[in-house]
Structure formats: C-alpha cells, structure tokens
Q: 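Would you mind keeping the following structure in view while I ask a few things?
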Amino acid sequence: MPRRSVPRWRGCWCFPPYFLRSFAYAGIAVVAIAAVAALTVMPALLTLLGKRVNAWPVPWRRRVQAGCASRWWEALARRVVRRPVLAAVPVIGLLAVLAAPFAHAGFATPDDRALPAGSLVDK
C-alpha cells in the first residue's frame, strides 16, 4: 500500500502555496488563543468583579425601558424559533449562492508565466 505524502490529520491547513499555508496557521493560532482566553481569562475576571460587573455604565449603549423591544425583531425571533428548519433553508441558500463563485477557485504559486508576454523579465 503506497504511503500518502500528507497525513490526513493535517487537513485544511496544508495548502500547496506557502502564503495560504501561513494564513491557515495564523487562523488556527487566533482561534486557539481566543478559546484559551475565553475559557480561562474571562471566568477569572468575572470572579474577581463579582457583583461589580455592571458597576460602570457603557457610554454607547442606549437605555431601553423594560418591555419596549422592537416588535419587528420580536416577531422575527418568534417565527424562527417556531420553525427553525423553514428559517434555515433560505439562509443556507443565500450562503450557497454567495459561495458559488469560489467553488472552482484555483490557487498556485506565481511564477514567470503570470507576467505579460512583452515584459523585460520574459526575455
């Protein structure tokens, strides 16, 4: 049985072009750091703050009276909760339409073939 050159577990971050591979490594690092911070730093800060967590006002937040929520958002949320599959189908369809141009994207390392025919480097 022939041995594969790339192990299966390396999956999505093993791209042939080096710049894409570095983007994948950076994305993995960002997600890992955010997950560790969310699971360790935030609970520690919330424990330290205790009941003072809401002590300071947030300047950009509007004060809303209790029971004065937007009727449009409330109606939309009720419809989505009542029939989640019916709400998910158009959203997934829209995302599929937006992703369609990238279905056959090809990435390669640029070389001298990317230059125009009459360039000085081509000669």
Side-chain angles (χ1 to χ4, degrees):
M1 178 179 247
R3 182 179 158 98
R4 291 174 49 120
S5 61
V6 177
R8 290 181 188 208
W9 61 269
R10 292 191 55 169
C12 67
W13 68 79
C14 189
F15 293 106
Y18 290 111
F19 73 95
L20 286 179
R21 191 178 303 164
S22 63
F23 280 135
Y25 289 147
I28 291 168
V30 166
V31 169
I33 291 170
V36 168
L39 293 173
T40 58
V41 176
M42 281 306 292
L45 286 177
L46 290 174
T47 301
L48 287 175
L49 287 174
K51 293 184 179 186
R52 296 172 295 176
V53 72
N54 291 327
W56 293 337
V58 179
W60 58 85
R61 187 177 138 211
R62 294 187 330 202
R63 297 283 180 192
V64 178
Q65 296 175 358
C68 292
S70 171
R71 292 182 189 191
W72 187 85
W73 286 111
E74 183 179 354
L76 178 67
R78 287 187 189 277
R79 285 189 202 122
V80 169
V81 169
R82 197 176 317 131
R83 293 193 171 88
V85 174
L86 188 63
V89 168
V91 172
I92 292 171
L94 176 66
L95 290 174
V97 167
L98 292 173
F102 298 103
H104 300 289
F107 300 103
T109 305
D111 58 5
D112 60 327
R113 293 175 289 179
L115 297 172
S119 69
L120 295 174
V121 179
D122 191 32
K123 294 179 182 180

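Keep in mind that this is a model prediction, so the values were computed, not measured.
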Q: Any chance you could measure Ile33, atom CD1, to Ile28, atom CD1, to the nearest 0.5 Å?
A: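 Answer for the CD1-CD1 pair, Ile33 versus Ile28, is 12.0 Å.
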Q: For the residue pair Pro43 and Ala38, what are the closest heavy atoms and their distance?
A: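 For Pro43 and Ala38, the tightest heavy-atom pair comes out as CD-O, 3.4 Å.
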Q: Indicate if Val80 and Trp73 have the same hydrophobic cluster label, given that clusters are the connected sets of ILVMFWY residues with side-chain heavy-atom separations under 4.5 angstrom.
A: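 Same cluster.
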Q: Would a distance-only check, ignoring hydrogens and angles, find a side-chain to backbone donor-acceptor pair under 3.5 Å from Arg52 to Leu49?
A: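 It does hold such a pair.
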Q: Should Leu76 and Val91 be regarded as members of a common hydrophobic cluster, given that ILVMFWY residues are connected when their side-chain heavy atoms come within less than 4.5 Å of each other, either directly or indirectly?
A: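 The answer is no; the residues belong to distinct hydrophobic clusters.
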